[in-house]
Number of protein chains: 2
Amino acid sequence: MYRAIAQDIIKSIIAEEYETKLPTEKVLMARFGASRNTIRKAIDVVFQHGLLRRVQGSGYFIIKAPQNSATVLNLSIGFDRAAMVAGGPLVSKVVTFDKVQANEALAQQGNVAVGDELYRVVRLRYLKDALYDLEESYFPRAAVPFLSLDSVQHSIFAFLREAYGIYGSTTENYVHQVRLDAPRAKLVGLPVGDKTMCLDGINYLANGTVFNFSSTYFVYEDLELYYHTENIDLQD
Amino acid sequence: MYRAIAQDIIKSIIAEEYETKLPTEKVLMARFGASRNTIRKAIDVVFQHGLLRRVQGSGYFIIKAPQNSATVLNLSIGFDRAAMVAGGPLVSKVVTFDKVQANEALAQQGNVAVGDELYRVVRLRYLKDALYDLEESYFPRAAVPFLSLDSVQHSIFAFLREAYGIYGSTTENYVHQVRLDAPRAKLVGLPVGDKTMCLDGINYLANGTVFNFSSTYFVYEDLELYYHTENIDLQD
DNA sequence: ATTGATTTGTTCGTATGTATC
DNA sequence: GGATACATACGAACAAATCAA
């Protein structure tokens, strides 16, 4: 229920139905026929997407800036979702699609056991003919029974959602800079040793198992990763 | 109440009082003498700090990895807080401390009006003699009445909290790569044009006004910015 | 393999506090 | 000061996933 309401509110924000503020909780309660607790839970979700700022006694204010764009990826809504609306869908060119066994390094990176069987998908992704990123993605077979070449050419997450009802619940993200090695540099057309912004992510199912982990090397010019945090006053 | 409980739970996690799981809600209710809703609200806070993964029917599992360290900044707990425990306090060398008026670019960056009076603090920060970052920070005088040179040499946020009860409620963060211009390159000792990871942040008070915005250029080797997201299933 | 107990997830109602207008 | 609007807290009930007997 609160998910649907949140979804609805987010759509309204994107459609710019509200100028600067959300309607009051009271109004939303009437509109959606839900209790105050449910409305507030829904607003929490919208807030966590980085779309709101709240002021007690005044209201919920819409944040204009982080609207997902070609150069701003709102990671608060999840990388997969962010990448889907970044000024048009990304086009994937599959470089590698095979199965590998997790070695020490991969096991460490993906929080899985050494020897686990993994689908490996390496893709170059383009936004309107401009190279956007290089994505090296792994899917443990224990969690993902089957991946087709076709699914891998489009949105893998969308495929998993539709085919298996697999949906990520939490993601751990690490942003850092990496000096490109020769093979990767060649793939993205940058000099060897170039400092590139990289997002490492681990995606968990609701039951706590890893169904995906990946490294994404960003090439696109002037790209910004946006996210939003709430600072609760934990006086110590 | 839920803040204090959250604080307590976080301390316990850091002190490694729990092995892999949190006690059940029932136990926590008894321990803190609070209702289930309040306990769950507190756990939400801990969760948003990126310290937990939750599994319905099973429990709350502690995430080991993102423990703040010298090379991992957990931004889910707020940059200021993360920087304070990054393997020892950072030592600041103040480069500039003065008052300026917001020009077009600053007004844009900080979501303030052109002409607003700003404290400007530029600092180099070190971790055990190694340069950690270059921080260019601005504090609108409308929100921050006074800053002393002394306060600026230590944790400014701690000073604001203690002196004025000023506490940030939400932060908007943008991570990107910047090619260093000559003055900045000289300050940090990197080549001009070097691609450097930069964190732009805007900090808001609970009443919605900006009390700080900043750009932080990271120099420290192998630094990773960590954050944690929850992906709510908004089926569309 | 089914059942039953445990544990977290969702939703309602209600009351009171606090900041803003 | 009064009305409005968001924040916090308690109690209760049922749903859904997990786990152990």
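Note on naming: letters A, B, ... go to the chains in the order of the sequence lines (proteins, then strands), and numbering restarts at 1 for each one.
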Test item: side-chain donor near acceptor, A/D133 and A/T216, under 3.5 Å: no
Ring pair (Phe, Tyr, Trp, His ring centres under 6.0 Å) against B/Y60, all qualifying residues, sequence neighbours excluded: none
Nucleotides bounding contact with chain A, strand DNA chain C, heavy-atom threshold 4.0 Å: C/dT10 to C/dC21
Ring pair (Phe, Tyr, Trp, His ring centres under 6.0 Å) contacts touching residues 2-44 of chain A (sequence neighbours left out): none
Salt bridge (charged side-chain N to carboxylate O under 4.0 Å, His left out) partners of residues 43-54 of chain A, not counting sequence neighbours, each pair once: A/D44-A/R54, A/R53-B/E172, A/R54-A/E230
Pairs flagged by side-chain hydrogen bond (donor to acceptor under 3.5 Å, both in side chains) wherever residues 96-108 of chain A is involved - sequence neighbours left out: A/D98-A/R120
Under 4.0 Å protein heavy-atom contacts per nucleotide of nucleotides 8-13 of chain D, with B for base, S for backbone only and - for none: BBBB-B
Pairing residues for B/F139 by the ring pair (Phe, Tyr, Trp, His ring centres under 6.0 Å) criterion, not counting sequence neighbours: none
Interatomic distance where CD belongs to A/E25 and C1' belongs to D/dA5 [whole Å]: 7 Å
All salt bridge (Lys or Arg N to Asp or Glu O under 4.0 Å) counterparts of A/R31, not counting sequence neighbours: none
Where do N or O atoms of nucleotides 17-19 of chain D meet protein N or O atoms at under 3.5 Å, pair by pair?
unit_1, atom_1, unit_2, atom_2, d
D/dC19, OP1, B/S58, OG, 3.4

Residues that B/F159 engages under side-chain contact (heavy atoms from CB on, under 4.5 Å), provided they are two or more places apart: B/L147, B/S151, B/A163, B/Y164
Under the ring pair (Phe, Tyr, Trp, His ring centres under 6.0 Å) test, residues paired with A/Y204 that sit two or more places apart: none
Nearest-angstrom distance from the residue atom CD1 of A/I43 to C1' of D/dA7: 12 Å
Sequence-distant partners of B/F211, ring pair (Phe, Tyr, Trp, His ring centres under 6.0 Å), two or more places apart: B/F157
